[in-house]
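Chain naming here is simple, since letters A, B, ... match the order of the sequence lines and numbering starts at 1 in each. Since the model is a prediction, treat every value here as computed from it, not as a measurement. Both backbone and side-chain heavy atoms feed into the values below; hydrogens, waters and symmetry mates do not.
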Amino acid sequence: MTITRFAPSPTGYLHIGGLRTALYSYLWAKKNGGKFLLRIEDTDLKRNSIEATKAIENAFEWVGLKHDEKIVYQSQRFDIYKKYIQQLLDEDKAYYCYMSKEELDKLRESQMAKKQRPRYDNRYRDFSGTIPKDIKPVIRIKTPIGKTIEFDDGIKGKISVKVDDVMDDFIIARSDMSPTYNFVVAIDDALMGITDVIRGDDHLSNTPKQIVVYNALGFKLPNFYHVPMILNPSGKKLSKRDGAMDVMEYKNMGYMPEALLNFLVRLGWSYGDQEIFSMDEMLSLFDPHDINKSASAYNSEKLQWLNAHYIKNAPTKRIIKDLEFFELKIIDHDQKELLVDALKSRAKTLKEFALMAKSILFDPTEYDQKAIKKFLNEDSLQILQNFTKFLKSLNKTPHLPIEFEEIVKEFLQKNELKMKQLAQPLRIAMVGSAVSPSVYDVMSIIKLENIIKRVEKLLMEHQ
RNA sequence: GGCCCGUUCGUCUAGCGGUUAGGACUCCGGCCUCUCACGCCGGCAACAGGGGUUCGAGUCCCCUACGGGUCACCA
């Protein structure tokens with residue numbers, strides 16, 4: 001069975017880079033009928049937050065990624081880590097190091113001065129001298145000096161590093177005996193039965209260290225996949241300054257989770273020329289081996305295009321529900337279908353959608369001055385005047401767009417006018433600007449009495 | 001600086017020794033049209049540079065340049 005995991009440290013919100021690796025992990029597990037687990041990496045007791053964990057869960061819920069089983073908290077597993085530390089000590093695969101932090105700093109400084117790579121000099125490995133008093137020791141693992149560590153990354157291919165180049169006998173337990181990251185990650189991944197580790201590129205250099213731990217403990221290695229980073233539009237590392245890092249921010253901006261997921265899955269991965277992927281398609285087509293080797297820049301225009309696509313194709317009921325988040329309730333409106341259909345191909349975000357809907361539903365509070373200047377003059381005001389008279393004289397009440405179209409045509413014919421001469425002035429009267437869906441649709445949505453009311457209001461203010 | 005990774009249109013990418021180097025977003029034309037969108041049609045635009053290997057290289061190898069990651073008693 002394929003078991004993957006997402007293992008964030010609870011330092012803040014879930015950002016889009018994290019969501020992408022989570023998505024990849026989720027897809028790969030689910031595609032293979034496996035499990036996707038969530039683990040919170042909170043070994044650093046100093047900074048830790050429940051809110052951050054909650055934020056991650058909320059974001060997962062919004063996009064619809066469900067993790068299997070209970071969330072694993074590393075802070076609750078210290079007993080387990082302690083056991084393995086003791087095991088390594090007993091087997092002489094780890095040892096106490098009595099070098100103080102100050103000493104270590106000094107060593108590092110002198111190495112830097114000599115342009116050497118700062119590293120611990122293994123002075124307490126196989127130490128037989130007298131042990132310094134008054135020093136709370138740390139525990140270090142014995143790394144396989146002189147060896148080469150090789151592994152086959154599912155994305156990058158063969159990776160091979162010399163142990164002496166990339167690590168010293170690194171610390172697995174701090175002087176307060178709390179375990180460190182590279183140690184616990186290996187243990188947890190092994191114990192949780194993780195078969196495929198999909199994570200950010202920035203962890204690539206941690207992997208050899210974790211392999212050392214796996215080997216020391218006799219655990220079987222998982223498959224590793226190191227996903228290249230997401231860059232900002234100018235090709236630099238994505239940071240908070242780029243804005244919209246928090247996944248939930250996308251909800252506020254009116255993006256649909258499907259669009260975000262589709263955007264993210266295509267950022268660094270592709271399947272031929274296909275751009276649109278439903279969750280089912282992602283599930284059947286995704287394979288981490290096809291992920292690109294190079295970093296990709298975040299490009300919000302594509303996301304916007306995808307969002308527009310998903311809005312266009314979403315069921316009306318769904319849109320109506322989503323619009324409530326933007327304080328628009330149209331569930332009881334008798335022309336809600338027409339309204340939503342008219343706007344579906346026009347709005348790029350749900351936020352924009354709500355704004356457009358409101359501009360139709362509610363009487364205009366102000367008019368676009370450019371539009372006024374361009375389309376309102378003596379002639380057009382006269383036409384509007386005549387049009388309201390005509391509307392009032394009707395002996396039946398039109399409802400459907402087609403019915404409004406008929407009466408408009410009748411009016412135009414009687415007065416020997418072209419649609420162009422009526423459409424824009426009427427549009428301005430109804431919604432306050434020169435842009436809106438078809439006037440017939442708008443008329444049908446706001447109804448006869450409101451058309452007359454809005455036209456008369458405009459006439460009054462411009463006479 | 002050491003180590004590791006990367007480099008195809010502005011951006012996301014297809015390509016897996018022989019292609020007029022394809023698609024998508026953006027942008028620019030055109031059609032449709034009551035405006036704006038949508039849709040449809042068309043256009044601009046790329047193999048980082050240099051050496052090899054080969055009959056033939058975007059594809060394989062080496063070097064250079066550039067970009068990124070990482071070098072903690074953080075995760």
Side-chain angles (χ1 to χ4, degrees), chain A residues 7-11 41-44 46-47 74 97 99-101 104-105 108 112 115-120 136-140 153 155-157 159-162 164-168 170-182 184-185 200-208 226 228-229 231 233-237 263 266-276 292-306 308-309 312 342-348 356 371 375 405 408 412 418-428 431 433-440:
Chain A
S9 58
T11 46
E41 314 241 305
D42 53 354
T43 52
D44 189 2
K46 280 172 226 123
R47 51 198 176 109
Q74 289 187 324
C97 167
M99 201 166 174
S100 70
K101 209 167 176 182
L104 197 56
D105 287 343
R108 255 199 284 269
M112 302 254 269
K115 296 226 161 150
Q116 290 170 342
R117 193 171 61 84
R119 73 199 316 269
Y120 171 65
K136 284 170 81 182
V138 298
I139 298 172
R140 290 177 182 271
D153 187 277
I155 296 170
K156 310 256 181 197
I159 307 281
S160 165
V161 290
K162 292 197 193 80
D164 304 26
D165 279 348
V166 296
M167 66 182 95
D168 49 20
F170 58 92
I171 293 171
I172 57 173
R174 304 181 184 97
S175 49
D176 64 0
M177 288 299 119
S178 64
T180 58
Y181 174 76
N182 283 120
V184 298
V185 165
D201 216 348
D202 48 340
H203 286 288
L204 190 62
S205 54
N206 284 326
T207 307
H226 288 94
M229 308 270 89
L231 275 22
S234 46
K236 298 288 175 201
K237 192 186 174 187
F263 172 71
R266 266 299 267 104
L267 203 61
W269 174 84
S270 62
Y271 182 77
D273 285 341
Q274 189 168 340
E275 296 289 346
I276 307 295
N292 266 228
K293 288 175 194 289
S294 53
S296 33
Y298 170 95
N299 164 232
S300 61
E301 282 156 347
K302 192 112 179 196
L303 171 59
Q304 199 156 74
W305 173 75
L306 280 164
H309 169 85
K312 224 176 298 162
L343 260 19
K344 265 183 185 174
S345 65
R346 280 167 239 264
K348 292 217 181 327
M356 288 175 172
F375 295 106
E405 185 169 351
V408 165
L412 294 176
K418 291 264 196 297
M419 182 57 176
K420 276 191 198 305
Q421 294 169 275
L422 174 66
Q424 288 305 72
L426 178 58
R427 196 187 309 275
I428 294 167
V431 303
S433 86
V435 175
S436 86
S438 158
V439 290
Y440 307 129

Task: side-chain hydrogen bond (donor to acceptor under 3.5 Å, both in side chains) involving A:Asp176 - partner list, sequence neighbours excluded - done: A:Ser178

Task: Polar side-chain contact A:Thr180-B:rC73 base: donor and acceptor under 3.5 Å - done: no

Detail all sub-3.5 Å separations between protein N/O atoms and N/O atoms belonging to nucleotides 57-61 of chain B.
none

Task: Qualifying salt bridge (charged side-chain N to carboxylate O under 4.0 Å, His left out) pairs with a residue from residues 293-303 of chain A, counting only residues at least two apart or across chains - done: A:Glu275-A:Lys302

TODO: List for me each residue that meets side-chain contact (heavy atoms from CB on, under 4.5 Å) alongside A:Met356, sequence neighbours excluded, and say none if there are none.
DONE: A:Leu343, A:Arg346, A:Ala347, A:Glu352

Open item on the list: With rounding to the closest Å, how many angstrom separate the C1' atoms on B:rC12 and B:rG51?
Closed with: 32 Å

Open item on the list: Among residues at least two apart in sequence or on other chains, which ones pass side-chain contact (heavy atoms from CB on, under 4.5 Å) with A:Leu231?
Closed with: A:Met229, A:Ala295, A:Ala297

Task: Partners meeting side-chain hydrogen bond (donor to acceptor under 3.5 Å, both in side chains) with A:Gln421 (sequence neighbours left out) - done: none

TODO: Just compare B:rC4, B:rC12, B:rA75 and give me whichever is closest to any side-chain atom of A:Ile159.
DONE: B:rC4

Between N or O atoms, less than 3.5 Å apart, protein on one side and nucleotides 14-16 of chain B on the other: list the pairs.
unit_1 : atom_1 : unit_2   : atom_2 : d
B:rA14 : OP1    : A:Ser270 : OG     : 3.0
B:rA14 : OP1    : A:Asn292 : ND2    : 3.4

- [ ] Going 5' to 3' through nucleotides 26-43 of chain B, assign each nucleotide B (protein heavy atom under 4.0 Å from a base atom), S (under 4.0 Å only from sugar-phosphate atoms) or - (no protein heavy atom that close).
- [x] S-------BBBBSS----

Open item on the list: I need a per-nucleotide contact map over nucleotides 64-70 of chain B, read 5' to 3'. Cutoff is protein heavy atoms under 4.0 Å; write B for the base, S for backbone only, - otherwise.
Closed with: ---SSSS

Task: Set of residues satisfying side-chain contact (heavy atoms from CB on, under 4.5 Å) with respect to A:Lys136, sequence neighbours excluded - done: A:Ser175

Open item on the list: Side chain of A:Arg108, heavy atoms from C-beta onward: which of B:rC73, B:rC3, B:rG23 has the nearest atom to it?
Closed with: B:rC73

Task: From B:rU7, B:rG1, B:rA75, nucleotide with atom closest to A:Ser294 side chain - done: B:rU7

- [ ] Kindly write out the residues that satisfy salt bridge (charged side-chain N to carboxylate O under 4.0 Å, His left out) with A:Asp164, not counting sequence neighbours, or none if the list is empty.
- [x] none

- [ ] Name the closest nucleotide to the A:Arg117 side chain, picking from B:rG2, B:rA72, B:rG6.
- [x] B:rG2

Open item on the list: Restricting to side-chain contact (heavy atoms from CB on, under 4.5 Å), what partner residues turn up for A:Ile171, sequence neighbours left out?
Closed with: A:Val138, A:Arg140, A:Thr180

Open item on the list: From the set B:rC73, B:rC4, B:rC12, return the single nucleotide nearest to any side-chain atom of A:Ser296.
Closed with: B:rC12

Open item on the list: Can you tell me the base-pairing partner of B:rC71? Count Watson-Crick or G-U wobble geometry only, both distances below 3.5 Å, and say none if there is no partner.
Closed with: B:rG1

